Amino acid sequence: MESAQLDIEFKKHFGGETDKLLEVRAPGRVNLIGEHTDYNDGFVFPMAIERDTAIVFRRRKDQLVRMVSASQPGEPAEFAFSHEVSKGPPLWSLYARGVAEALRQKNLITTGIDALVAANVPLGGGLSSSASFEVATALALLTASQTTMDRVDMALACQWAEHHYPGMPCGIMDQFISALAQKGHAMLLDCRDRSFKQVPLNDPAVRVAVVNSNVKHELVGGEYKQRRQQCEAAVAALAQKQPGVKALRDATMPMLDQAKAAMDSVVYRRARHVIGENQRALDFAAALEAHDYSACGRLLYASHVSLRDDYQVSCPELDTLVELARSVEGVFGARMTGGGFGGCIVVLLQHQAFEPLSKLLHSEYPKRYQKQPAMFGTLPGPGARVVRD
Ligand code: GLA
């Protein structure tokens, strides 16, 4: 939504004048490769998309947050941060409540806000609508209090919020890229020491396309948590022989094979995915820097197969989209992206393959699943920013 439209919406809910409104935006993300590696101290390679959560707001004289969502109708959420922030309804407000609590504990915020939230990141589409909402909330609250914070600390505060309020035990990738992305770049992030490298992705001959299967995923549910536990079980088995293995990041395929007998077969496959995927993320970043898009594409397909067969977080709709994409000339590679069980695929392709791919997906996908996919192209967008202050 354009700023002028947001102001009109704001006024509808909160009244008053619109000339003193402030605005922040934080992007969603698409992960190019390095899936389910972040909570294993591994490598991820996401980029911000050109879609974001915008918050238009006005300072209050107390420590109350009143928040209305343009995409989730109903009464405004209302909570105070003069004391521990409550976990009340509506459900979507838990993300903002958690962020306010994280900032309150750090004594960073003093000033409440009336706020309108509007996102064009599809909700539940695996493009980090939640992280973009969290990061936007953090930036709005800090801006209202005329203060700032280190962006890595901001990402960590938002991750804390997601763990403790909605209760989703996510890794650091989504909040990190939303807070620290740089326009025109994807980011190779080491989730262990949080060092990162901004890698240019701005060759006009190639495009990144995102295709939403329109199967909504629900990560707060048990599957994600179960994968984390399986990874921990793999580390425990590996560490018996190799005490240096503190996370799957430290393991190699030969180590895994040595420990195979001590491991449940499912746990073994989970670990095999993570170890392979870490290497693929590093290889992909190197191939991208070398403009070797065919190599990038092969790594994307390999990642998908591993997520489908070893990590088992894909679904038939995502598999179909990847297979259809594979049949289009000029597509380098494709894979499911994000937590899985629905959501999106990411495709790396030649510029001129975009239209033929779109045509094919829109004609073939509905034949099998009685619904349309939603496809868009995106360049790497900027990270969270204050638009008006
Ligand atoms: C979700 C989590 C991330 C990451 C991905 C899988 O998006 O929020 O931290 O674990 O799943 O790569």
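For clarity, every value in this text was computed on a predicted model and none was experimentally measured. Sequential numbering from 1 along the given sequence is applied to the chain's residues. Counting starts at 1 for both ligands and their atoms, following the listed order.
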Is [X] in polar range of ligand 1, meaning some N or O pair under 3.5 Å apart?
X      : result
Asn31  : no
Gly34  : no
Tyr39  : no
Ser128 : no

Group every Ile, Leu, Val, Met, Phe, Trp and Tyr by side-chain heavy-atom contacts under 4.5 Å, then state whether Val206 and Val331 land in the same group. no
Side-chain (Glu277) to main-chain (Gly34) donor-acceptor, under 3.5 angstrom: yes
Pairs of donor and acceptor atoms involving the side chains of residues 332-350, under 3.5 Å and at least two apart or interchain, shall be tabulated with distances.
| unit_1 | atom_1 | unit_2 | atom_2 | d |
| --- | --- | --- | --- | --- |
| Arg335 | NE | Leu32 | O | 2.7 |
| Arg335 | NH1 | Glu35 | OE1 | 3.2 |
| Arg335 | NH2 | Asn31 | O | 3.0 |
| Arg335 | NH2 | Leu32 | O | 3.3 |
| Arg335 | NH2 | Glu35 | OE1 | 2.7 |
| Thr337 | OG1 | Asn31 | N | 3.2 |
| Thr337 | OG1 | Asn31 | O | 2.8 |
| Gln350 | OE1 | Gln352 | NE2 | 3.2 |

Ligand-side contact atoms (ligand 1) for residue partner Met173, heavy atom cut-off under 4.0 Å: 4 (C), 5 (C), 12 (O)
Which of the atoms in ligand 1, numbered in the order shown and given with their element, are less than 4.0 Å from a heavy-atom of Gly171? 9 (O)
Using the ring-ring contact (aromatic ring centres under 6.0 Å, His included) rule, collect all pairs that involve residues 40-67, keeping only residues at least two apart or in two chains. Phe45-Phe284
Pairing donors with acceptors under 3.5 angstrom, does anything connect the side chains of Tyr311 and Ser306? no
Touching ligand 1 at all, Arg29? Heavy atoms, strictly under 4.0 Å? yes
Should one rank Asp38, Asp174, Leu127 by closest heavy-atom distance to atom 8 (O) of ligand 1, which comes out on top? Asp174
ring-ring contact (aromatic ring centres under 6.0 Å, His included) for Tyr39 and His36? Distances and angles first, verdict last. CA-CA 7 Å; Tyr39 53 82; His36 289 280; 5.8 Å; yes
